[in-house]
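As the structure lists them, so they are numbered: ligands from 1, and atoms in each ligand from 1. One-based numbering along the sequence shown.
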Amino acid sequence: MSEFPEFQNLLNRTPEERDQEFQRHGRLKHLIFGSQLTTELLDRLCRSADMIRRLARDREGNAELRNLLPNRRAMLYFTQPSTRTFLSFMAACQILGITCNEVRDPKMSSEVKRESRTDSVRMFSSYFDVIIMRSQMANLAEVCAYMMNDLEGTDRRSVPIINAGAGSDEHPTQALLDMYTILRTFDFDESSMSRPSRLGSLQKEYPDLTTGAANKVYAFCGDIKRGRTVRSLATVLSQYRNVTMYFITPPHDQLRIDDDLRSLLETAGVTVKEFESLDEVDDGQPILEKIDCLYMTRIQREHNSDATEAEIASIDLSPFKLSVERVAKMKSFAPILHPFPRDSIVGEIPTEIDSDPRAMYFRQARNGMWARAALLVHLFDVNEALMDAHVRLFPAAVRSASSPSRR
Ligand code: CP
């Protein structure tokens, strides 16, 4: 039985039924699962992120952005450690003129007086207009979204809930920024109309290369089963045509892809293959030469039981680490992503890789700020005002910013 028996019936429904609960009139009301990020919504959010990024470059643009949501307040309720998600949401709020406050240590809140987490969140909704929450409890954000829906149904105050990382389950805003990074990378500057075409020159070496997320081989390396970022991103990528996914994991049941995710991906038409080293071969060719996008992850030791800790500690992790030699085998355009933090002791990505042009992880983290700002613009329905400001300040850029899907 879950910790939320009153919501158990809702939690037991199919993923599609649960996603429906978080929509209103074709828009997001809450963001709880990666599966809510449809290709159409991603295109809209990426276009907004591009506009925000461009406007933020100058003083007048920044003033326009700060004027979008100056009447809104956000609660950052992060009871699990975070650097990037917390700070990029805070920066996104600041960009848009949203005032934020935070609860990071529940020992400093009335939870120490046995106030329930759901009561705490309902209290936040009295003072704030959106609640962005990270918790070690897989279902807490989902349950809080149902609670807000119940309040809405009885005409009481109800605010959007954003899942900023739930247990080892889901991290949908990480999937959003990962997709923003992937789509920007696989745009190959085509929407900027730059000439000569970068895609054209790459196609001389890789004739099958196309723009967009479709027709690609994605590799996920490291701790897959407990990696909520992998689950959310793989779910989103499964919507695109002709996608192959490699899962490269140490030989341990706590790390390999689980049957649920594998079945979800295969049902969506993804070709799934598993490997136990970055040096393995697929159909006679080294996998490193076939990968279009490599997503590295760290082994998440915080989820280890004492027994698992000892078992995983005895595994040789060198087949799951990048090196200059391994990166040299990869395609010249293939981005290397990592949700970060990376493990400074294990060193799954040694710092010597950081200067390689394919190392995208710092840019990926910065993209989180633009992508999360775009999400807030969508949730508060100020897309029109954003577009107006963008047209006013960057009329020449409008054609490329509103170009069709990067799929
Ligand atoms: N990628 C990510 O979620 O980082 P933080 O844990 O630092 O927020």
Under 3.5 Å, is there a donor-acceptor pair linking the side chains of [X] and [Y]?
{"X": "Tyr361", "Y": "Asp354", "value": "yes"}
{"X": "Asp292", "Y": "Tyr218", "value": "no"}
{"X": "Arg134", "Y": "Asn163", "value": "no"}
{"X": "His303", "Y": "Asp223", "value": "no"}

May I ask you to establish whether Arg372 and Phe89 are in a cation-pi arrangement, using a distance under 6.0 Å from NZ or CZ to the six-membered ring centre and at most 45° from the ring axis?
-> yes

Can you sort out which atoms of ligand 1 are near [X], meaning under 4.0 Å from one of its heavy atoms?
{"X": "Phe340", "answer": "1 (N), 2 (C), 4 (O)"}
{"X": "Gln174", "answer": "1 (N), 2 (C), 3 (O)"}
{"X": "Thr85", "answer": "2 (C), 3 (O), 4 (O), 5 (P), 8 (O)"}

Pair Glu289 + Lys331: basic N to acidic O under 4.0 Å = no

Just need the protein heavy atom nearest to [atom], so name the residue and atom and give the distance.
{"atom": "atom 1 (N) of ligand 1", "value": "Pro339 O, 2.8 Å"}
{"atom": "atom 4 (O) of ligand 1", "value": "Arg84 NE, 3.1 Å"}
{"atom": "atom 7 (O) of ligand 1", "value": "Thr83 N, 2.7 Å"}
{"atom": "atom 6 (O) of ligand 1", "value": "Arg134 NH1, 2.8 Å"}

Is any N or O atom of Pro341, backbone or side chain, closer than 3.5 Å to an N or O atom of ligand 1?
-> no

